[in-house]
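Below is one structure, written out as C-alpha cells, with a few remarks after it.
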4 protein chains.
Amino acid sequence: MFMLNPQDKAPIFAQLKKQIIEFIGLGILNPNDQLPSVRSLANELGINPNTVAKAYQELELQGYVYTVAGKGCFVSQVNIEADIQGNKIKEFKQVVMDCHKFNIEKELLISSIESIYEGGMKHAEN
Amino acid sequence: MFMLNPQDKAPIFAQLKKQIIEFIGLGILNPNDQLPSVRSLANELGINPNTVAKAYQELELQGYVYTVAGKGCFVSQVNIEADIQGNKIKEFKQVVMDCHKFNIEKELLISSIESIYEGGMKHAEN
Amino acid sequence: MFMLNPQDKAPIFAQLKKQIIEFIGLGILNPNDQLPSVRSLANELGINPNTVAKAYQELELQGYVYTVAGKGCFVSQVNIEADIQGNKIKEFKQVVMDCHKFNIEKELLISSIESIYEGGMKHAEN
Amino acid sequence: MFMLNPQDKAPIFAQLKKQIIEFIGLGILNPNDQLPSVRSLANELGINPNTVAKAYQELELQGYVYTVAGKGCFVSQVNIEADIQGNKIKEFKQVVMDCHKFNIEKELLISSIESIYEGGMKHAEN
DNA sequence: GTGGTCTAGACCACT
DNA sequence: GTGGTCTAGACCACA
C-alpha cells in the first residue's frame, strides 16, 4: 500500500507521513477509516514499529488522525482536505515568488500549468 | 551580508549555500567575484570556519564556485544563472503537479501568479 | 580491509575513497553491500570518524554509494562499474596522447600492454 | 609562452614546472637555453615571483635545469629527454595495470593507441 | 546502534 | 593572508 524509498534523504517516518496525508487528500483514506496497526504496517514495510508509531504520533499532533487506545488509529473527520490544499497553495505561492525573484517569465509558468493540467497526470520523475 | 536563522531546521552550511546560490542567481554575486574568505565570513557570522568551508566545498562540487587554495573562492563563470532558473522551474512544475493531484483548480493557481507578478509582493510569511 | 599509507601525499580521505571505488570496480564490494560504519572503520584505521565520514560523503555525492542516516552506507546499484572503467580508459587515453606528444614509439606501448596482460604482473613499484 | 589555469586544482608552481618539463621534452627548450628570469616570468604571468622561484628550484633539484648565480637559469645538458620519456612510460604501465585489474580488454587499449597515433595529435579536452 | 552537524583548535601548502 | 586537512569531542535525529 505504501512505498518507501530508502535512498530518499527524507527520514522514513516522514515519507510515511507524507503518503498518508496524500492518501487522505486524494480520498483514498476517508474520515474515520482505520489505519493499519502500527505493528502490521511495520511488518509489511519491513521497518521498525517505532518508526511507524512516530509517523502516527505526528499525524495525530497535526490533527490528521486520532488514536483510540486499544482500538487503533483513525482518519480525522475534520476538514482535512481543505487543509492539505491550503498547504499546497501556500507552497505554490512561495515557489512562484522565488521564480519572480529570479526573473523567470510569468508566461513560462502559466504555460507550464496549462500543459500539466491538460496532459496526463503522471508524476515527474525526480 | 548573509543572514542565518538559528531557528531554521536546515543546517547552517545549507542555509549559507542556499543564500550564495540565490545571490548568484540574483546577480548580486557575479562570475569571478570573490566570496568572503572562510575565516572572515565565519567570524562575521559567529560560526566555525569549518562550517563555512563545508558550504564552499559543496558549492564547488556543484560547480557554482571555484576555489583556489591560497587565494580564495570565486564565483564560476559558467552559465550558472540558467542552471538556477532551471532548478526553480523544475521545482515549480513539481508543485503544480501536486496541486493537480489534489484537484486544486487551475484558475486559482494562475490568478495567484498574476497577483504575485503584478503586486511585486516581497515574501510570504513562512 | 583497507590500507592507508601515511607517507602518501594524498589526503587520507582521498586514499580511502580511491580504495573503495577500486573495491567496487573489482567486485569486492557489490551493489547494496553495506560499508563498515563510520565509527568502526575510523577505529580500525586509527583515524578520526570525521575523516571517514568525509570520504563517504564525497562518494555519495559522486553516486558511488548511498547513505541512510541511522542505518549505514551502502554501495549504489547503478552501473558504477561501467563508470569506473570509463574513467580509467579516459585516463589511459590521456597518457597515450602524452606519449605520442613525446615521440614515444607506438610499438613500445603495445608491447608493454602485451607483457602486462600476459604476465599477470601484480603491481608496479611506485 | 606558458599557460596557467587558476581553476586547476594543481598549484601554480606545479603547473609551471610541468609545462617547462614538457617544453624540454618537446625540444622547444633545448639544453643550455636560458629560461626567462624569475621576475620577468612572474610579471608576464601575473603571479608572485616566489611562485616562479619555487618552480625553478624544484626543477633544479630534479636536475632539469641549473642555475648560475647572477646569470640566470638554464636547461641542463644531461639526458633529460630520455628521463621524461621514461617517466611517461612508467606512468603508462601503471595505468595499463589498473586497466588490467578492472578487466578492461586488451584489444580496446590497443585500438585506442592506434587511433590516437594515426589521428591528429590534438589534446583531449579534460 | 547509525550518520549528520558543529565547534575548537591545530598543522600544512600555496600565494 | 588563503583554503585543505585532520583531530577530539560534542549533540542531534533516526532506526
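The basis for the numbers below is simple: all heavy atoms, side chains too, and nothing from hydrogens, waters or symmetry mates. Below, chains carry the letters A, B, ... as their sequence lines are ordered, and counting in each starts from 1.
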Distance, nearest 0.5 Å, that separates OH of C:Tyr66 from CG of A:Asn5: 9.5 Å

side-chain contact (heavy atoms from CB on, under 4.5 Å) partners of D:Lys71, counting only residues at least two apart: D:Val68, D:Phe74

Partner of A:Lys17 under side-chain hydrogen bond (donor to acceptor under 3.5 Å, both in side chains), picked from A:Glu22, A:Glu58, A:Gln57, is A:Glu58

Who passes side-chain hydrogen bond (donor to acceptor under 3.5 Å, both in side chains) against C:Gln34, sequence neighbours left out? none

Please list all pairs passing the ring pair (Phe, Tyr, Trp, His ring centres under 6.0 Å) test where one or both residues lie in residues 14-60 of chain B, with sequence neighbours left out. B:Phe2-B:Phe23

May I ask you to say what A:Asn50 touches in the nucleic acid, namely base, sugar-phosphate or nothing, with a heavy-atom cut-off under 4.0 Å? nothing

By side-chain contact (heavy atoms from CB on, under 4.5 Å), which residues pair with B:Pro11, not counting sequence neighbours? B:Phe13, B:Ala14

Which residues satisfy the side-chain contact (heavy atoms from CB on, under 4.5 Å) test with C:Ala10, sequence neighbours excluded? C:Asp8, C:Gln15

Hey, does C:Ile47 reach any base, or is it just sugar-phosphate, or nothing, if we go heavy atoms under 4.0 Å? sugar-phosphate

Report the residue (D:Glu58 or C:Thr67) whose heavy-atom-nearest nucleotide on DNA chain E is the more 5′ of the two. C:Thr67

According to side-chain contact (heavy atoms from CB on, under 4.5 Å), who are the partners of B:Asn50, at least two apart in sequence or on a separate chain? B:Asn48

Expected output check: what is the dot-bracket annotation of DNA chain F, where ( ) and [ ] are pairs inside the strand (brackets for crossing ones), | is paired with another strand, and pairs are Watson-Crick or G-U under 3.5 Å? ||||||||||||||.

Do you know which of B:Leu29, B:Leu41, B:Leu45 makes side-chain contact (heavy atoms from CB on, under 4.5 Å) with B:Met1? B:Leu29

Any donor and acceptor pair, going by atom type alone, linking the side chain of C:Gln85 with main-chain N or O of D:Phe102 inside 3.5 Å? yes

Rounded to the nearest 0.5 Å, how far apart are CD1 of C:Ile80 and CD1 of C:Ile21? 9.0 Å

If you take any heavy atom closer than 4.0 Å to DNA chain F, which residues from residues 6-16 of chain A end up in contact? A:Pro11, A:Ile12, A:Phe13

Using a heavy-atom cut-off of 4.0 Å to chain C, what are the terminal contacting nucleotides of DNA chain E, in 5' to 3' order? E:dG1 to E:dC6

In short, salt bridge (charged side-chain N to carboxylate O under 4.0 Å, His left out) pairs touching residues 36-56 of chain D with sequence neighbours left out are none

All side-chain hydrogen bond (donor to acceptor under 3.5 Å, both in side chains) counterparts of B:Thr51, not counting sequence neighbours: none

Expected list for residues 31-41 of chain B near DNA chain E, using heavy atoms below 4.0 Å, is none

